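Computed from a prediction, not measured in an experiment: that's the story for all the values here. Residue numbering restarts at 1 for every chain, and letters A, B, ... go by the order of the sequence lines.
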Amino acid sequence: MIVSQVKEKVAAALEQLFNQPFTEKDFQVNQTKPEFEGDYTVVLFSLVKSLKLSPDQLGNSLGNQLLKNHPDLFTGFNIIKGFLNLSIKDEFWFSLLEENFANNSFGKATATGIKVMVEYSSPNTNKPLHLGHLRNNFLGWSIAEILKANGNEVIKTCVVNDRGIHICKSMLAWKLFSNGATPQTTNQKGDHFVGDYYVKFNDAYKKEVEDLISAGQSKEDAERNSPIMQQTQEMLKKWEAGDPETMELWRTMNQWVYAGFDETYKRIGSDFDRIYYESQTYLLGRDTVQEGLKKGIFFRKEDGSVWIDLTADGLDEKLVLRKDGTSVYITQDIGLAQDKYREYGIDKSIYVIGDEQNYHMKVLKLICQKIGLPYADSIYHLSYGMVELPTGKMKSREGTVVDADDIVDEMNAIAARHTAELGKVQDFAPESLKELYDTIGLGALKFFLLRVEPKKKMVFNPEESVDFHGFTGPFIQYTHARIKSILRKESINSSYKNYDGNGLLPLEKSLLISLEQYGDILQQSATELNPSVIAIFAFNLAKTFNSFYAEHSVMQAETESKKQLRLRIAAMTAIVLSSSMRLLGIRVPERM
RNA sequence: GGUCCGGUAGCUCAGUUGGAUAGAGCAUCAGCCUUCUAAGCUGAGGGUCAUUGGUUCGAAUCCAAUCCGGAUCACCA
């Protein structure tokens, strides 16, 4: 905001001086490096050449012109090697502070009227959530909230993968091996219960295949002929035919899973405005393909299968209907994309899906463009990298998958241990303690997964777990708690309007400069669809505050005026920290 | 093989619309709790920004080639 103000004023001053138009792209303005005097710096090199002036000449006339035009904003300048460093008047920061120290919506944008759908989470109902799902959930939720803070109307959705061969596997295994056990009788969370049968299926299947191979069959034959696999195929057919008994089992087992998911979602703070079930959407898209076939968007091969030719776009031919007329994965995605538009009239659609589906999403967007879906150009795949272990990828076969519930439990336990060791909240009631552990444990985990740019894969070390010091969620939470502690002891006297004295100290000013950037940061994170921008910002702000806190006393400030100034800076810092963290889905405690 | 993504300190990561001496955290070492919460602060060491070449006043950032790692290119989802 201030940077763009400075840019405007520089462009205007240049036009006055040289009698020709300038835009903000003709030069750069950035924050002055701490080792130089000044607050913001105009880089002169790009102008020097076209204006045929030395950097010193240009800097001097520009600096003087700016001072003359805006004596209320600039107090002075210096020129070092082609960099024009401008100093901003303290009053600018004072009025920013006075207007916003109690403004809870500081930095947020006004309504844009744009409607965005964010699809995330999208679990399979045959196994519980793991660490990778957590990255997805945290990203999706955070992006949705960031878009809201930037004035968009957001619809959070989730597509539940509740049908298909993988679901039948756990259903069959339950029929064969459970003896009628239920989550209630085994006292197990429903999603874990069902997930165990999925594992049991794979164990049984693996054994059958091995037996058949040692009986002389080839690997492919064995996999096809395995009785348990054939039974599963049959079950899928029965499901598609609507066989009552199969449907009943399917519904029952899915309900178990949903009960488990709900618990986890509630705990990690995921919520959705609209949930789609694949069992209700998997037939969508076929009509569209038929229409597109007439229009020549798709074509039919001799065997009757239907394809789209994307070679002109640098991709391959892609199947959209099998030769028997049934859909493939992408077909229903096309249908669902249209349904979303019919139901909500969305302007943009964001899919939070792992990077292994980059190609799929590229194809989906292209097809949507070709069939003329109105918002097709604004389909965006928020692609994120896998969460890996130090030993490599998580593999369910090798039992190295980090379970979501387990890791959340573990984070809580660590939070509890640290809290007990420090002994600062011994007067808390048990419920408050529980809530605090949740806030800190989950805060550490969410921050850890969100602080990295989404598209990068990341390494999670369960041995070292998540740290609670340094560039972490608890560090920021702790900073917030420290501020709140001050504000409980000293209240702001709103009759103070002037902060006379000896001007702003460097750390006071650093804080104000950071706070001022919050609006830009929110915009940037929305444009880039990248929560890590906010995570990094919040960390830097907290770090600056902690330096300030160690260096200067608020309550024992030199003068009452200074105290009032610092109280306001502290209060505003708390608001911005809290607001930033909320957009990451992280709560901040009053005490910890 | 085609396409896409990544390679920055011992480790995990910032920094890429080209700008001043490349930054954090962790780990290591040295300091700081009679004063607002030490989950904190201050300082030190640690770098051929994968490699090579190019573009220019200036390149971690842009271009080209190469090397390494990953994803994907299913009548699976």
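- Rounded to whole Å, atom C1' of B:A74 lies 10 Å from atom CZ of A:R322.
- The gap from the P atom of B:A59 to that of B:A14 amounts to 24 Å, rounded to the nearest Å.
- For the C1' atoms, the distance from B:G58 to B:G54 is 15 Å, rounded to whole Å.
- Here A:K362 contributes atom NZ and A:S383 contributes atom OG; the two are 11.0 Å apart, rounded to the nearest 0.5 Å.
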Please walk me through it: do A:T472 and A:D467 pass side chain to side chain donor-acceptor pair (under 3.5 Å)?
-> CA-CA 7 Å; A:T472 67; A:D467 211 326; over 6 Å; no
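- Note on A:M458: only backbone sugar-phosphate atoms sit closer than 4.0 angstrom, heavy atoms only; bases stay farther off.
- A cation-pi geometry, defined here as NZ or CZ lying under 6.0 Å from the six-membered ring centre and within 45° of its normal, does not hold between A:R591 and A:F428.
- Nucleic acid contact class of A:L422 (heavy atoms, under 4.0 Å, all strands): base.
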Polar pairs (N or O, both sides) under 3.5 Å between protein and nucleotides 56-59 of chain B?
unit_1	atom_1	unit_2	atom_2	d
B:C57	OP1	A:K49	NZ	3.1

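- With both ends at atom C1', the span from B:C68 to B:U8 equals 15 Å, rounded to whole Å.
- Within the nucleic acid shown, A:V459 comes within 4.0 Å of sugar-phosphate atoms alone, with no base atom in reach, counting heavy atoms only.
- A salt bridge links A:E223 with A:K219: at least one charged nitrogen is closer than 4.0 Å to a carboxylate oxygen.
- Under the 6.0 Å distance and 45° angle rule, A:R135 does not count as a cation-pi partner of A:Y384.
- For A:K509, the side-chain contact (heavy atoms from CB on, under 4.5 Å) test picks out A:D39, A:D90, A:W93, A:L504, A:I513, with sequence neighbours left out.
- Nearest to the side-chain atoms of A:D316 among the listed nucleotides B:C75, B:A77, B:C73 stands B:C73.
- Residue A:L315 is out of contact with every strand shown, counting any heavy-atom pair closer than 4.0 Å.
- Distance from the side chain of A:D303 is smallest to B:C75 among B:G40, B:C13, B:C75.
- Contacts of A:N30 with the nucleic acid, taken as non-hydrogen atoms under 4.0 Å apart, are absent.
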Expected string for nucleotides 21-30 of chain B under the B/S/- scheme (protein heavy atoms, under 4.0 Å, primed atoms plus P, OP1, OP2 as sugar-phosphate) is S--SSS----
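- Comparing B:G2 with B:G46, their P atoms sit 43 Å apart, to the nearest whole Å.
- Between A:K323 and B:C75 there is no side-chain polar atom (N or O) within less than 4.0 angstrom of OP1 or OP2.
- Ring pair A:W250/A:W239 is perpendicular by interplanar angle, where above 60° counts as perpendicular and below 30° as parallel.
- Note: A:F447 and A:F471 meet the aromatic proximity criterion, with ring centroids under 6.0 Å apart.
- Among the heavy atoms of the strands lying under 4.0 Å from A:E278 are primed sugar atoms or P, OP1, OP2 only; no base atom is included.
- Annotation: A:Y351 is not in aromatic contact with A:H381 [ring centroid separation under 6.0 Å not met].
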Could you go over nucleotides 31-36 of chain B and give all protein N or O partners under 3.5 Å, atom names and distances?
unit_1	atom_1	unit_2	atom_2	d
B:C36	O3'	A:K489	NZ	3.0
B:C36	O2	A:V554	N	3.3
B:C36	O2	A:M555	N	3.0
B:C36	N3	A:V554	N	2.9
B:C36	N4	A:Y549	O	2.5
B:C36	N4	A:H552	O	2.4

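- The gap from the P atom of B:C5 to that of B:C11 amounts to 25 Å, rounded to the nearest Å.
- Residues A:V402 and A:H130 have side chains not in contact (no heavy-atom distance under 4.5 Å, counting atoms from C-beta outward).
- Checked against B:A77, B:U72, B:A20, the side chain of A:T32 finds its nearest nucleotide in B:A20.
- Taking the six-membered ring for Trp and the full ring otherwise, A:F448 and A:F460 have centroids separated by under 6.0 Å.
- Residue A:T419 is classed as a base contact, given a heavy-atom separation below 4.0 Å to a base.
- Atom P of B:C29 sits at a distance of 25 Å from the matching atom of B:G23, rounded to the whole Å.
- Salt-bridge annotation for A:E317 and A:K301: present, with a side-chain N of the basic residue lying under 4.0 Å from a carboxylate O of the acidic one.
- Using a 4.0 Å heavy-atom distance criterion, A:E590 is classed as a base contact.
- No option in A:L445, A:L584, A:I586 other than A:L445 meets the side chain to side chain contact (heavy atoms under 4.5 Å, CB included) test with A:F138.
- With P as the reference atom, B:G7 and B:C13 are 10 Å apart, rounded to whole Å.
- Within the 6.0 Å centre-distance limit, the rings of A:F548 and A:F545 are counted as a close aromatic pair.
- B:C33 adopts a syn glycosidic conformation, its chi angle falling within 90° of 0.
- Across all strands, A:K25 comes closer than 4.0 Å to no nucleic acid atom at all (heavy-atom distances).
- Among the protein residues, A:N85 comes within range of the nucleic acid bases, having at least one heavy atom under 4.0 Å from a base atom.
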Let me have RNA chain B in dot-bracket notation, would you? Count Watson-Crick plus G-U wobble pairs, both distances under 3.5 Å, and use [ ] for pairs crossing earlier ones and | for inter-strand partners.
-> (((((((..((((.....[...)))).(((((.......))))).....(((((..]....))))))))))))....
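- Looking at heavy-atom distances under 4.0 Å, A:T41 makes contact with a base.
- Taking atom CZ of A:F27 as the reference point, atom P of B:G18 lies 15 Å away to the nearest angstrom.
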Sort me out a list of protein N/O and nucleotides 5-7 of chain B N/O pairs below 3.5 Å, or just none if empty.
unit_1	atom_1	unit_2	atom_2	d
B:G6	OP1	A:K455	NZ	2.7
B:G7	OP1	A:K456	NZ	3.4

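- As judged by a 4.0 angstrom heavy-atom cut-off over every strand, A:F468 is placed among the base-contacting residues.
- The existence of a salt bridge linking A:R566 and A:E558 is confirmed by a sub-4.0 Å separation between a basic side-chain nitrogen and an acidic carboxylate oxygen.
- Between A:F545 atom CZ and B:U42 atom P there is a gap of 13 Å when expressed in whole angstrom units.
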